[in-house]
There are 2 protein chains.
Amino acid sequence: MKACFPRGSATFVAACPPIARTGLRRSAVPMVERVLSLAPSLSRLPRVTLSGQVAGAMRDAVLSGLFRPGQQMNEADLATRFAVSRGPVREAMQRLVQEGLLVGHPHRGVFVVELTEADLADVYLAREAIEGAALRRIAALPDRAALRLRLAAEAERMAEAVAAENWREVADADLAFHRALVDAAASPRLSRMFDTVQAETRLCLHLLMAGYRSSAELAAEHRRLAALATGDDLAAAQAELGRHLADPIHILRRIGAPGSGASAP
Amino acid sequence: MKACFPRGSATFVAACPPIARTGLRRSAVPMVERVLSLAPSLSRLPRVTLSGQVAGAMRDAVLSGLFRPGQQMNEADLATRFAVSRGPVREAMQRLVQEGLLVGHPHRGVFVVELTEADLADVYLAREAIEGAALRRIAALPDRAALRLRLAAEAERMAEAVAAENWREVADADLAFHRALVDAAASPRLSRMFDTVQAETRLCLHLLMAGYRSSAELAAEHRRLAALATGDDLAAAQAELGRHLADPIHILRRIGAPGSGASAP
DNA sequence: CGCCTCCGGATTGTCAACAATCCTACGATC
DNA sequence: GATCGTAGGATTGTTGACAATCCGGAGGCG
C-alpha cells in the first residue's frame, strides 16, 4: 500500500544543518544505483524519488520530536535545508498531512499536528478497532504456530529491553509487536490504516511522555497478548487487548500534565 | 480531518471536454467571494485552492467510472483538460493515491486502481472493523434517541428508493446511512478511515456491479440495523452488522463474474 | 531464431521565477 | 481611545521550462 514506497523509510537526513547540506542530491547519487542491497524479495524495486526521500526524512524528523507541535513547516526553509527545490518539499509535506502528522491550512502553511488528550484517546480507540479486527482475522487462520513464535519473540525482545531499561528499544519492540499482530491478519487495508495511527502513536509517545517509564507490567502484558492472540479464546484475547490499549489513557488521565512518565502499549 | 477541506467535495468539473474548458479559473471566480452561502456553522471557512478543486473533480470522475480501472492518468493531458498547470494536477493525483483510488508507480505514472475480488473482501473486512467499533462506541453514548431517528430516516429514504427502483438513490442512501453510523461515534479517526474505504466501496460498486439489483432485502436490513445500533443489545447489533457486510462478498463469490446484479450494503 | 544493445518518443520528476494570498503593524478617522 | 482601512513583508500557490527516466521497437550479433 501507500504507493510502492517501503513502509519504514530510513533516515536520510536526521538532523539538518541550516546551511551545510548532507547528501540527497541526484547528481551525487546517480539514480541508476538502486538500493539493490536491501531488497528483501524479488518483487518490484522501490523507485526512489526526491519527494519520497524528503518525506521520509521529514517523517523521521517530526516523529523524533525535532519539530515542536504547532510549529510551522516553512517550505523555503526546508527546501534550502535539504538542498532541494520547493516542489518535492511540497509533495512530501502533503503526504505527511494525509498521514496525519501535519495539518495544512491553505494559503497559510502546514504545521506539526497538536494532539490533544482527546486525540490520544481517539488514537487508541482506532487502534483497538484495527487490532481487534486483526485478532478476529487471526483466529480464523489455519496455522498460528509461526505467528505465536513471532509474537513471543517480540515480547521477549521487549522484556530484555525493559530489563536493560533501554526505553528507546522498548518503544521499538512495542511498535514491532503490534505491527506484527496487524500484519498477520494479511489485510492490506488494516495494515495501511494501522500505519497512520501507529505514526500518531509515536507522536503521542514522544510529545506526551518522551519515553517509557514504569513499564514493569509491559512485557508481561505482551507475553499474555501473544499467547491469547494465537490461542483459541477469541473473547479473552479481545478483552486483554482492550485492557492493554486502555492503559495509557487511564495513565494519562491520572497524571494529567505531560512530562511525567507513563507506560504505553 | 483531512486538512480543512469539506468532506464531500462537490463536483466542479464533472465531464471534461478535451479542449473547451469549463470554469475553474481563479480569474473567473475571484477568491474573495468565499462560499459563504453554504457554510453551515461559523467555523473556519474552507479556503479553496486549484489543487483541491482538481482533486475533487478527479475523485468524482474516478468514482463515476469516467476512467476505466488500470487506465493511466496522464498529467499533461489532465492539465490541459482542466486548463491548469501540471503542478495542481500532480498534487491532486497524489491525494487520490493516498486515498486509495489511484496507484502511483514512480517514474511511470499513476493509474486507476484495479480492485480484485480479494480487495473487495478486504474492503468489507475493514468496514466491519470500523463500523463495529462505531457500534461499540455508540452503545456507550448517553443519548441515542436522535441517532435512532436519523438512522431510521436514512433507512426509510432507502426503502423509498428501492420501491422506486432508483438505484442511484439507493446507493446514496446506503452511503449516507453508514456514514451517519460511523460519524455518530464522534471519532475523527474512525470517520477518516471510513472515508477511504467508503470511496473504495463506491469504486467497487461501480466497477463490479454498476448499480443495485435484487435489493428487496436491503431496506429491511437497514431498518433492523438502525434499531439494533441504537438498542441495548450490542452483540446482536454486531452480529447483524457482520451479516450485513458479509452479504456482498457471498454474492460476489456466488456469481463470480461482474455484470450480473447483486445487492451491496 | 533468440538475445542483447541501442535509440527515439513519451512521460514523469525537478527547478526557479511569477502571482496571489495571508498576517502584522501602522496610521487615519470617528 | 477604539475601530477601520491600508500598506509592508513574508509565505504559499501556480506556472512553464529543463532534466531524468521508462517503455517500445529497430538493428546487430552469436
Side-chain angles (χ1 to χ4, degrees), chain A residues 3-5 21 23-35 44-57 70-97 102-112, chain B residues 3-5 21 23-35 44-57 70-97 102-112:
Chain A
C4 50
F5 298 108
R21 72 283 299 270
L24 193 79
R25 290 307 298 260
R26 68 174 176 289
S27 56
V29 180
M31 197 70 68
V32 182
E33 298 180 18
R34 301 274 163 58
V35 277
R44 295 193 73 89
L45 290 175
R47 268 75 160 183
V48 61
T49 66
L50 270 189
S51 313
Q53 299 183 48
V54 171
Q71 179 179 346
Q72 180 167 10
M73 309 290 280
N74 190 308
E75 284 185 6
D77 185 26
L78 286 169
T80 56
R81 268 176 158 67
F82 286 120
V84 180
S85 179
R86 274 177 50 213
V89 173
R90 272 182 78 80
E91 283 195 25
M93 290 203 302
Q94 198 194 350
R95 221 177 282 184
L96 298 192
V97 166
L102 307 177
V103 289
H105 298 254
H107 292 291
R108 300 212 313 127
V110 303
F111 306 79
V112 180
Chain B
C4 49
F5 298 107
R21 73 282 299 270
L24 193 78
R25 289 310 298 257
R26 64 177 176 290
S27 55
V29 181
M31 197 70 67
V32 183
E33 298 179 18
R34 299 275 163 59
V35 275
R44 295 193 73 89
L45 292 174
R47 268 74 160 183
V48 62
T49 66
L50 270 190
S51 313
Q53 300 183 49
V54 171
Q71 178 179 348
Q72 180 167 10
M73 310 290 280
N74 190 308
E75 285 184 4
D77 185 27
L78 286 170
T80 56
R81 269 176 157 68
F82 286 120
V84 293
S85 180
R86 274 178 49 213
V89 174
R90 275 180 75 80
E91 283 196 26
M93 290 204 300
Q94 197 194 348
R95 219 177 284 185
L96 298 192
V97 166
L102 306 177
V103 289
H105 299 254
H107 292 291
R108 299 212 313 125
V110 303
F111 306 80
V112 179

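Both backbone and side-chain heavy atoms feed into the values below; hydrogens, waters and symmetry mates do not. Every chain is numbered from 1 and lettered A, B, ... according to where its sequence line falls, protein lines coming before strand lines.
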Nearest whole angstrom, please: distance from the C1' of C:dT12 to the CG of B:Leu102.
15 Å

Expressed as a whole number of angstroms, how long is the span from B:Glu75:CD to C:dT11:C1'?
8 Å

I want to verify a distance call: between C:dT14, D:dT15, C:dC23, whose nearest atom is closest to the B:Val84 side chain?
D:dT15

Separation between CD of B:Gln94 and CZ of A:Arg95, rounded to the nearest 0.5 Å
5.0 Å

I need the CG-P distance between B:Leu78 and D:dT14, as an integer number of Å.
16 Å

If you only use heavy atoms from C-beta on, which nucleotide in C:dC22, D:dT21, C:dT14 is closest to the side chain of A:Pro88?
C:dT14

Does A:Arg90 put a side-chain nitrogen or oxygen below 4.0 Å from OP1 or OP2 of D:dT12?
no

Using a 4.0 Å heavy-atom cut-off across all strands, classify A:Gly87 as base, sugar-phosphate, or nothing.
nothing

Figure out the CG/P separation between A:Leu50 and D:dA19, and round it to whole Å.
16 Å

Please classify the nucleic acid contact of B:Gln72 as base, sugar-phosphate, or nothing, using heavy-atom distances under 4.0 Å.
sugar-phosphate

Between P of D:dC23 and NE2 of B:His105, the distance in whole Å:
10 Å

Picking from D:dT15, D:dG13, C:dG13, the nucleotide nearest the side-chain atoms of B:Ser85 would be D:dT15

Just call it for A:Met73: base, sugar-phosphate, or nothing, with non-hydrogen atoms closer than 4.0 Å on any strand.
sugar-phosphate

Is A:Asn74 close enough to D:dA10 that one of its side-chain N or O atoms is under 4.0 Å from OP1 or OP2 there?
no

Proximal nucleotide (of D:dT14, D:dG13, C:dT14) relative to the B:Arg86 side chain
C:dT14

Side chains of B:Val103 and B:Val97 in contact at under 4.5 Å (non-hydrogen atoms)
no

For the pair made of NE2 in A:His107 and C1' in D:dG13, what is the distance, rounded to whole Å?
6 Å

Nearest to the side chain of B:Ser51 - C:dC15, D:dG13, D:dT14?
D:dT14

Can you tell me if B:Gln72 uses its side chain to pair, donor with acceptor, with the backbone of B:Arg108 under 3.5 Å?
yes

Can you give me the closest heavy-atom contact between B:Ser85 and B:Pro88, atom names plus distance?
O-CD, 3.5 Å

Measure from the side chain of A:Thr49, starting at C-beta and using heavy atoms only, and say which of C:dC22, C:dT11, C:dT14 lies closest.
C:dT14

When rounded to whole Å, the CD to P distance for the pair A:Gln94 and D:dG13 reads 10 Å

Determine the minimum heavy-atom distance between B:Leu102 and B:Met73, stating which atoms define it.
CD2-CG, 4.2 Å

